[in-house]
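What follows is one structure encoded as structure tokens, with my remarks underneath.
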Protein chains: 2
Amino acid sequence: MTEQGTRTYSPRERMVFSAAQLIRRDGVGATGMRDVAAHADAPRGSLQHYFPGGKDQLVGEAVTWAGRYAARRVTRNLAALPAADRRPSRLFAALISQWTEECLATDFAFGCPVAAVTVDCADAADSARTAAAQAFACWREPLGAALVELGVPEARGASLATLLVSALEGALLIARAERDTHALTTVAEELGPLLDAAALSH
Amino acid sequence: MTEQGTRTYSPRERMVFSAAQLIRRDGVGATGMRDVAAHADAPRGSLQHYFPGGKDQLVGEAVTWAGRYAARRVTRNLAALPAADRRPSRLFAALISQWTEECLATDFAFGCPVAAVTVDCADAADSARTAAAQAFACWREPLGAALVELGVPEARGASLATLLVSALEGALLIARAERDTHALTTVAEELGPLLDAAALSH
DNA sequence: CCATTATTATGACGACTGTCATAAGGTGGC
DNA sequence: GCCACCTTATGACAGTCGTCATAATAATGG
């Protein structure tokens, strides 16, 4: 979630990006509009110009962006899967390991922005929460499709995708609290056989 | 998390209890000290008296209380398991269904306080986060023991407990965002066979 | 060159927040 | 009575928040 292409981003894009970064680190409530502008090197006056809907709109766009980012991550990891490892367990392990590395690299400072918005729903009565729901859906859908492509029967693709997102999200939470990645690796190891068994019974 | 015994609780206990309630509904940042006192029908002046450590201390005690509550819930569900259903899948299903009912009863307003504290770590540099870590441990430990008692080999008890807490926590997150309990039921259904299979290979 | 629009700058507003200082009740022991 | 102690009451402090009003500047198209 740190790498971005070489092209320059507009201040508006940078603010959405920065909002997602700050939200997943500090939570929604603790992330101020002024902080977002400063982190994005964007003028403070642009906030009310690009986001007339206020903080709700900014948070909503940030979480939507995060959902699309997570979806891209799934398809990218699927495409990068070695031909010898085209099993669902390998895909999940790759996803988990990517989050694990991120945890270690940032000293467990970063969580998932979608989770942060879901938990910190004090503001934005509905708009932010529905955006979080769509982000989860946007994340789960390509994951289910990837599982099916790896041999999981179509009927179980969506269910297993829900399970994987749940386990990943929960393990990320535990890992952050304990400052230890063992929950992430444990989840990957325990769920791997289940996934491959589901794929074998084509 | 709503039922409490008949005995009267001291203002201090009520404030810890109320803090946990408000935190899991609104998040840490959005829960004000004044709100806690009002919700607990406790005098505002008692806050600085009982919690000289300030908000950090109150949040820490609230999440510790929540962890112990979750642990109690595990042992209680294990004890209440019908003799015919002494399988790990049944225990997990019972836990999931309890959270599901809570979601529906509160219109998805309540999440898990431990998750809220973990995500909203802006305040309380370490004390709150370590309290959250201990709460997770306090929750996972009796769950692992219960799995072992239901036939899971001792070596896998802890791992499976970590998986179950992760999946439950993540599914709770998704359910809250989507205002739909399908993630919870899906997780229970998908994980049930895995658990019973692990128990059969005594 | 002008007019129109898009963007940025700046300061202020009211409403919160956690925390503290200070002092007042309340209760039981002597 | 009086003292000590636990508890509560109350107001104020400095800070931050999201939002808005207003104006200056930059860019754009005629």
Side-chain angles (χ1 to χ4, degrees), chain A residues 8-23 25-63 113 116-117 119-129 131, chain B residues 8-23 25-63 113 116-117 119-129 131:
Chain A
T8 62
Y9 287 83
S10 74
R12 192 184 196 283
E13 288 173 297
R14 290 203 311 270
M15 284 194 278
V16 173
F17 178 81
S18 289
Q21 295 265 92
L22 294 181
I23 285 173
R25 195 187 60 185
D26 302 327
V28 176
T31 297
M33 304 282 277
R34 295 166 173 85
D35 302 338
V36 172
H39 183 275
D41 264 325
R44 192 174 69 103
S46 298
L47 274 172
Q48 76 176 277
H49 187 256
Y50 289 119
F51 307 97
K55 192 177 185 179
D56 293 3
Q57 181 184 355
L58 179 56
V59 170
E61 294 201 22
V63 72
V117 171
V119 164
D120 221 344
C121 62
D123 351 84
D126 266 355
S127 76
R129 180 143 61 173
Chain B
T8 62
Y9 288 84
S10 73
R12 191 184 197 285
E13 290 171 297
R14 291 204 311 270
M15 284 195 277
V16 173
F17 179 81
S18 288
Q21 294 265 94
L22 294 181
I23 285 173
R25 195 187 60 185
D26 302 328
V28 176
T31 298
M33 305 281 277
R34 295 165 172 87
D35 301 338
V36 172
H39 184 274
D41 264 323
R44 198 179 67 118
S46 298
L47 275 170
Q48 75 177 280
H49 184 67
Y50 290 119
F51 307 96
K55 191 176 186 178
D56 293 4
Q57 181 185 354
L58 179 57
V59 171
E61 294 201 24
V63 72
V117 170
V119 165
D120 223 342
C121 61
D123 351 84
D126 266 354
S127 76
R129 180 143 60 173

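Per chain, numbering begins at 1; letters A, B, ... match sequence-line order.
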| Would you say C:dT7 has OP1 or OP2 under 4.0 Å from some side-chain N or O of A:Ser46? | no
| said: Can you tell me whether the side chain of B:Arg12 and the base of D:dT7 have a donor-acceptor pair closer than 3.5 Å? | reply: no
| query | Does a nitrogen or oxygen in the side chain of A:Tyr50 sit under 4.0 Å from OP1 or OP2 of C:dA6? | reply | no
| said: Quick check on DNA chain C: between A:Arg34 and A:Gln48, whose nearest nucleotide comes earlier from the 5' end? | reply: A:Gln48
| field | For atom CG of B:Leu47 and atom P of D:dA9, their distance in whole Å | value | 11 Å
| Is any side-chain N or O of B:His49 closer than 4.0 Å to OP1 or OP2 of D:dT8? | no
| Do B:Arg12 and B:Ser46 have side chains that get closer than 4.5 Å, going by heavy atoms? | no
| message | Please report the distance, rounded to the nearest Å, between CE in B:Met33 and P in C:dC16. | response | 18 Å
| request: Heavy atoms only: give me the nearest A:Ser127-A:Asp56 pair and the separation to one decimal. | output: OG-CB, 3.9 Å
| field | Minimum heavy-atom distance between B:Gly29 and B:Asp120, given as atom pair plus value | value | N-OD2, 3.1 Å
| query | For the pair made of CE in B:Met15 and C1' in D:dT8, what is the distance, rounded to whole Å? | reply | 10 Å
| said: Tell me the interatomic distance from A:Lys55, atom NZ, to D:dC17, atom P, rounded to whole angstroms. | reply: 8 Å
| request: Report the distance from atom CG of A:Leu58 to atom C1' of D:dG18, rounded to the nearest whole Å. | output: 12 Å
| Pairwise side-chain contact, B:Phe51 with B:Val16, heavy-atom cut-off 4.5 Å (strictly under) | yes
| task | Round to a whole Å and report the spacing from CG of B:Asp56 to P of C:dT17. | result | 16 Å
| note | Taking for B:Gly54 and for A:Pro43 the nucleotide of DNA chain C with the nearest heavy atom, the one nearer the 5' end belongs to A:Pro43
| Taking CZ from A:Phe51 and P from D:dC20, how many angstroms apart are they, rounded to a whole number? | 15 Å
| Interatomic distance, A:Ile23 CD1 vs D:dG18 P [rounded to whole Å] | 11 Å
| task | Check each of A:Val59, A:Leu22, A:Ile23 against A:Val36 using the side chain to side chain contact (heavy atoms under 4.5 Å, CB included) test, and report the only one that passes. | result | A:Leu22
